[in-house]
Chemist: 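For reference, the structure I am asking about is given below.
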Amino acid sequence: MDKKDIKIIYMGTPEFAVDPLEAIVKEGYNVAACFTQPDKMKGRSGKPVPSPVKECAVKYDIPVFQPDRLRNSENAEIIREMDPDMIIVAAYGQILPEGILNIPKYGCINIHASLLPKYRGAAPIEWCVINGEKETGVTTMFMAKGLDTGDMIEKAVTEIGESETAEELRARLTVMGAELIISTMDKILSGKYTRTPQNDEESNYAVMLKKEMGQIDWSLPAINIDRLVRGLRPWPTAFTTFQGKSLKIFKAAVLEDDTDAAPGEVIVRTKKDFTVKCGSGALKILSVQPEGKKEMDSVAFLNGNKVEAGMKLGE
């Protein structure tokens with residue numbers, strides 16, 4: 001079977017979905033169209049910015065479709081007329097209606113950034129870091145009517161580094177997803193694959209992130225706050241207040257500490273950094289973003305702000 005005769009529709013939006021698209025194109029498959037989210041207005045100029053997947057598709061001269069609602073019947077008709085052999089989905093951002101799921105000869109295949117059935121939903125990478133998981137990975141699956149509930153095909157597993165951020169982990173999972181989807185497509189087309197049903201009792205829902213989730217509760221253990229900091233980078237970021245203004249925390253290090261200080265209290269201040277007491281242990285703060293300014297290391301922050309032992313964060 002010649003891969004150029006296999007017609008693919010690709011659906012994806014963020015950076016995570018770019019490497020798999022490029023891998024499919026370079027493998028020689030016929031990517032007939034890309035579906036991605038509409039351009040978003042960003043910055044002070046308010047100019048529309050295309051998604052990373054749209055930029056990639058344009059580079060390869062792949063027709064791009066950006067429907068506000070994929071559920072509209074005309075979109076299903078467009079896809080039906082294309083007569084795809086397979087639809088590949090990676091972080092598209094919209095749920096595929098059943099009418100579309102049933103169109104491709106070989107089905108709709110999803111590249112999911114976790115080890116299913118655990119962490120179904122919108123933000124599996126972030127919640128794996130926040131919850132202190134030791135490992136994660138990528139799962140390919142046949143899409144079904146429910147949210148990330150379809151039969152699994154293949155998995156790739158990786159350990160999560162002790163200081164790894166969600167941003168760093170996502171970059172690694174993107175590469176893994178690109179490799180795994182090619183393997184999965186080859187298996188499906190050759191008929192040499194297995195379908196493994198998911199156990200719903202083992203699933204957790206990785207809810208969509210919101211800005212308020214980043215507010216630091218200094219009464220929590222230092223290790224939990226560090227996971228929050230790493231899990232919410234680059235967005236929405238962990239934050240606190242200092243001297244009446246917002247202070248985002250981008251990088252920290254967990255320290256053992258048994259001093260008799262209140263949670264949120266600065267207990268050590270050096271020329272390079274400062275350390276904040278937590279419910280148990282402490283956090284050495286290494287990189288921050290003061291309100292109205294750009295991210296900076298703690299050296300720069302301390303040079304421009306009065307920070308002394310006994311001061312409180314989070315008040």
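Just the heavy atoms: all of them, side chains too, but no hydrogens, waters or symmetry mates, feed the values below. Everything numeric in this text was worked out from a predicted model, so none of it was measured.
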Chemist: Does Arg120 come within less than 4.0 Å of Asp148, counting only side-chain N to carboxylate O?
Modeler: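 Here Arg120 does not pair with Asp148 in a salt bridge, since their nearest N and O are not under 4.0 Å apart.
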Chemist: Could you give the distance from CE (Met311) to CZ (Phe274), rounded to the nearest 0.5 Å?
Modeler: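 One finds 11.0 Å between CE of Met311 and CZ of Phe274.
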Chemist: Inspect the contact between Glu168 and Arg233 and indicate whether a charged nitrogen and a carboxylate oxygen are less than 4.0 angstrom apart.
Modeler: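 A salt bridge is absent here (no side-chain N lies under 4.0 Å from a carboxylate O).
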Chemist: For Glu126 and Leu209: C-alpha separation, side-chain torsions, deciding distance, then whether side chain to side chain contact (heavy atoms under 4.5 Å, CB included) applies.
Modeler: CA-CA 9 Å; Glu126 291 83 356; Leu209 301 176; 3.4 Å; yes
Chemist: When Val268 is tested against each of Leu255, Thr275, Thr259 for side-chain contact (heavy atoms from CB on, under 4.5 Å), which residue passes?
Modeler: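 Result for side-chain contact (heavy atoms from CB on, under 4.5 Å) with Val268: Thr275.
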Chemist: Do Pro67 and Phe35 make a side-chain contact, defined as non-hydrogen atoms from C-beta onward lying under 4.5 Å apart?
Modeler: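 Counting from C-beta outward, Pro67 and Phe35 do come under 4.5 Å.
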Chemist: Please determine whether residues Leu70 and Ile95 belong to a single hydrophobic cluster, defined as Ile, Leu, Val, Met, Phe, Trp and Tyr linked transitively by side-chain heavy-atom distances below 4.5 Å.
Modeler: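 Shared cluster, no.
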Chemist: Check whether any side-chain heavy atom of Leu247 sits under 4.5 Å from a side-chain heavy atom of Glu291, and report yes or no.
Modeler: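 A side-chain contact under 4.5 Å is absent here.
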Chemist: Is the backbone of Thr184 close enough, under 3.5 Å, to the side chain of Glu154 for a donor and an acceptor to pair up by distance?
Modeler: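 Yes, the answer is positive, given that a donor and an acceptor are paired below the 3.5 Å cut-off.
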Chemist: With a 4.5 Å cut-off on side-chain heavy atoms, are Ile285 and Asp273 touching?
Modeler: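 Sidechains of Ile285 and Asp273: no contact.
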Chemist: Determine whether a donor-acceptor pair (N or O, by modelled atom type, separation under 3.5 Å) exists between the side chain of Asn102 and the backbone of Glu98.
Modeler: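 Yes; at least one donor-acceptor contact below 3.5 Å.
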Chemist: Between Phe142 and Tyr193, is the gap from one ring center to the other below 6.0 Å?
Modeler: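 Yes.
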Chemist: With distance as the sole test, does Thr140 use its side chain to make a donor-acceptor pair with the main-chain N or O of Ile181 at under 3.5 Å?
Modeler: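 Looks like no, no N/O pair under 3.5 Å.
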Chemist: Test side-chain hydrogen bond (donor to acceptor under 3.5 Å, both in side chains) on Thr241 and Lys245 and set out the steps.
Modeler: CA-CA 5 Å; Thr241 54; Lys245 294 184 177 181; over 6 Å; no
Chemist: Excluding sequence neighbours, so at least two apart, what forms side-chain hydrogen bond (donor to acceptor under 3.5 Å, both in side chains) with Thr237?
Modeler: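 Partners of Thr237 by the side-chain hydrogen bond (donor to acceptor under 3.5 Å, both in side chains) criterion come out as none, since no residue qualifies.
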Chemist: Atom CG of Leu283 and atom SG of Cys278: how far apart are they, to the nearest 0.5 Å?
Modeler: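 These two atoms lie 4.0 Å from each other.
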Chemist: Search all heavy atoms of Pro14 against all heavy atoms of Ala90 and return the closest pair with its distance.
Modeler: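 Heavy atoms of Pro14 and Ala90 come nearest at CD-O, 4.5 Å.
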Chemist: Only one of Glu159, Glu179, Glu164 clears salt bridge (charged side-chain N to carboxylate O under 4.0 Å, His left out) with Arg172; which?
Modeler: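 Among the candidates, only Glu164 passes.
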Chemist: Among the clusters formed by ILVMFWY side chains lying less than 4.5 Å apart, do Val53 and Met176 turn up in the same one?
Modeler: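 Yes, it is one cluster - the side chains of Val53 and Met176 are joined through contacts under 4.5 Å.
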Chemist: Can you list the steps and then say if Trp218 with Ile216 is a side chain to side chain contact (heavy atoms under 4.5 Å, CB included)?
Modeler: CA-CA 6 Å; Trp218 293 104; Ile216 295 172; 3.6 Å; yes
Chemist: Under 4.5 Å between side-chain heavy atoms, counting indirect links through other Ile/Leu/Val/Met/Phe/Trp/Tyr residues: same cluster for Leu173 and Leu21 or not?
Modeler: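 The answer is yes; both residues are in one hydrophobic cluster.
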Chemist: Checking side-chain hydrogen bond (donor to acceptor under 3.5 Å, both in side chains) for the pair Gln215/Thr240: CA distance, chi angles, key distance, verdict?
Modeler: CA-CA 6 Å; Gln215 185 164 10; Thr240 186; over 6 Å; no
Chemist: Excluding sequence neighbours, so at least two apart, what forms side-chain contact (heavy atoms from CB on, under 4.5 Å) with Gln37?
Modeler: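 With neighbours one apart ignored, the set is Thr13, Tyr92, Gln94.
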Chemist: Check whether more than 12 heavy atoms from other residues, nucleotides or ligands sit under 6.0 Å from atom CG of Leu147, and answer yes or no.
Modeler: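 Yes.
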Chemist: Evaluate whether atom CD of Glu55 has more than 12 neighbouring non-hydrogen atoms of other residues, nucleotides or ligands under 6.0 angstrom away.
Modeler: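 Enclosed.
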Chemist: Could you check whether Asp186 pairs with Lys3 (Lys NZ or Arg NE/NH1/NH2 to Asp/Glu carboxylate O, under 4.0 Å)?
Modeler: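 Looking at Asp186 and Lys3, the cut-off is met.
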Chemist: Do Tyr106 and Leu101 sit in the same hydrophobic cluster, where Ile, Leu, Val, Met, Phe, Trp and Tyr count as joined when their side-chain heavy atoms come under 4.5 Å apart?
Modeler: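 Cluster IDs for Tyr106 and Leu101 differ.
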Chemist: So which heavy atom on Leu286 is nearest to which on Ala252, and how close?
Modeler: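 Closest approach of Leu286 to Ala252: CD1-C, 4.2 Å.
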Chemist: Determine, stepwise, if the pair Ser114 / Ile125 fulfils side chain to side chain contact (heavy atoms under 4.5 Å, CB included).
Modeler: CA-CA 7 Å; Ser114 81; Ile125 298 172; over 6 Å; no
Chemist: Within a strict 4.5 Å, meaning less than it, do heavy atoms of the Lys47 and Met41 side chains meet?
Modeler: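 Heavy-atom side-chain distance check fails, nothing below 4.5 Å.
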Chemist: Is a side-chain N or O of Asn110 found less than 3.5 angstrom from the main chain of Val89, in a donor-acceptor match?
Modeler: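 Yes; at least one donor-acceptor contact below 3.5 Å.
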Chemist: List the steps, then state whether salt bridge (charged side-chain N to carboxylate O under 4.0 Å, His left out) holds for Glu133 with Lys118.
Modeler: CA-CA 11 Å; Glu133 298 289 349; Lys118 203 170 186 182; 2.9 Å; yes
Chemist: Please check this pair: side chain of Asn305 against backbone of Phe301, looking for a donor-acceptor N/O pair closer than 3.5 Å.
Modeler: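 Yes: the side chain of Asn305 pairs with the backbone of Phe301.
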Chemist: For Thr36 and Gly12, indicate whether the former's side chain and the latter's backbone hold a donor-acceptor pair under 3.5 Å.
Modeler: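 Yes, because the side chain of Thr36 sits within donor-acceptor range (under 3.5 Å) of the backbone of Gly12.
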Chemist: Going by heavy atoms in the side chains, are Arg230 and Arg227 under 4.5 Å from each other?
Modeler: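 A side-chain contact exists here, since the closest heavy-atom pair is under 4.5 Å.
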Chemist: Does the side chain of Ile223 come within less than 4.5 Å of Ser280's, by heavy atoms?
Modeler: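 Side chain of Ser280 against side chain of Ile223, heavy atoms only: no contact under 4.5 Å found.
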Chemist: Is any side-chain heavy atom of Gln198 less than 4.5 Å from a side-chain heavy atom of Met152?
Modeler: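 Touching, per the 4.5 Å side-chain cut-off.
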Chemist: First locate atom CD of Gln289, then atom OG of Ser246, and finally report the distance between them rounded to the nearest 0.5 Å.
Modeler: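 These two atoms lie 8.5 Å from each other.
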Chemist: Can any side-chain N or O of His112 pair as donor or acceptor with the backbone N or O of Pro124 at less than 3.5 Å?
Modeler: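 No; zero donor-acceptor contacts below 3.5 Å.
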Chemist: I'd like to know whether CG of Asp258 has more than 12 heavy-atom contacts from other residues, nucleotides or ligands below 6.0 angstrom.
Modeler: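 No.
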Chemist: Measure the spacing between OH of Tyr60 and CD of Glu22 and express it to the nearest 0.5 Å.
Modeler: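 Answer rounded to 0.5 Å: 3.5 Å.
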Chemist: Rounded to the nearest 0.5 Å, how far apart are CZ of Arg269 and NZ of Lys306?
Modeler: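 Nearest 0.5 Å value for the CZ-NZ distance: 10.5 Å.
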Chemist: Within the side chain of Tyr10, is there an N or O that forms a donor-acceptor pair under 3.5 Å with the backbone of Ala17?
Modeler: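 Judged by distance alone, yes, a pair lies under 3.5 Å.
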Chemist: Are Thr196 and Asp151 side-chain neighbours, meaning at least one heavy-atom pair lies under 4.5 Å?
Modeler: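 Thr196 vs Asp151: side chains apart.
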Chemist: Where do Met11 and Ile87 land on the side chain to side chain contact (heavy atoms under 4.5 Å, CB included) test, with the steps shown first?
Modeler: CA-CA 7 Å; Met11 297 183 175; Ile87 294 177; 4.1 Å; yes
Chemist: Can you tell whether the side chains of Arg170 and Glu167 come within less than 4.0 Å, N to carboxylate O?
Modeler: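 No salt bridge links Arg170 with Glu167.
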Chemist: Do Ile111 and Leu115 share a hydrophobic cluster (ILVMFWY, side-chain heavy atoms under 4.5 Å, transitive)?
Modeler: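 As far as the 4.5 Å side-chain criterion goes, Leu115 and Ile111 are not connected within one cluster.
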Chemist: Do the side chains of Asp83 and Lys7 get close enough for a salt bridge, i.e. N-O under 4.0 angstrom?
Modeler: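 Salt bridge between Asp83 and Lys7, a charged N being under 4.0 Å from a carboxylate O: no.
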Chemist: Could you measure the distance from the CG atom of Asn30 to the CD1 atom of Ile6? Nearest 0.5 Å is fine.
Modeler: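 So the CG of Asn30 and the CD1 of Ile6 are separated by 9.0 Å.
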Chemist: Got a sec: does the CD of Glu162 have more than 12 other heavy atoms crowding it under 6.0 Å?
Modeler: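 Counting neighbours around CD of Glu162, 12 or fewer heavy atoms of other residues, nucleotides or ligands fall under 6.0 Å, so no.
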Chemist: Can a donor-acceptor pair be found, under 3.5 Å and without considering hydrogens, that links the side chain of Asn72 to the backbone of Glu74?
Modeler: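 Answer holds: no.
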Chemist: For Glu135 and Thr158, does a side-chain donor sit closer than 3.5 Å to a side-chain acceptor?
Modeler: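 The criterion, which ignores hydrogens and geometry beyond distance, is not satisfied for Thr158 and Glu135.
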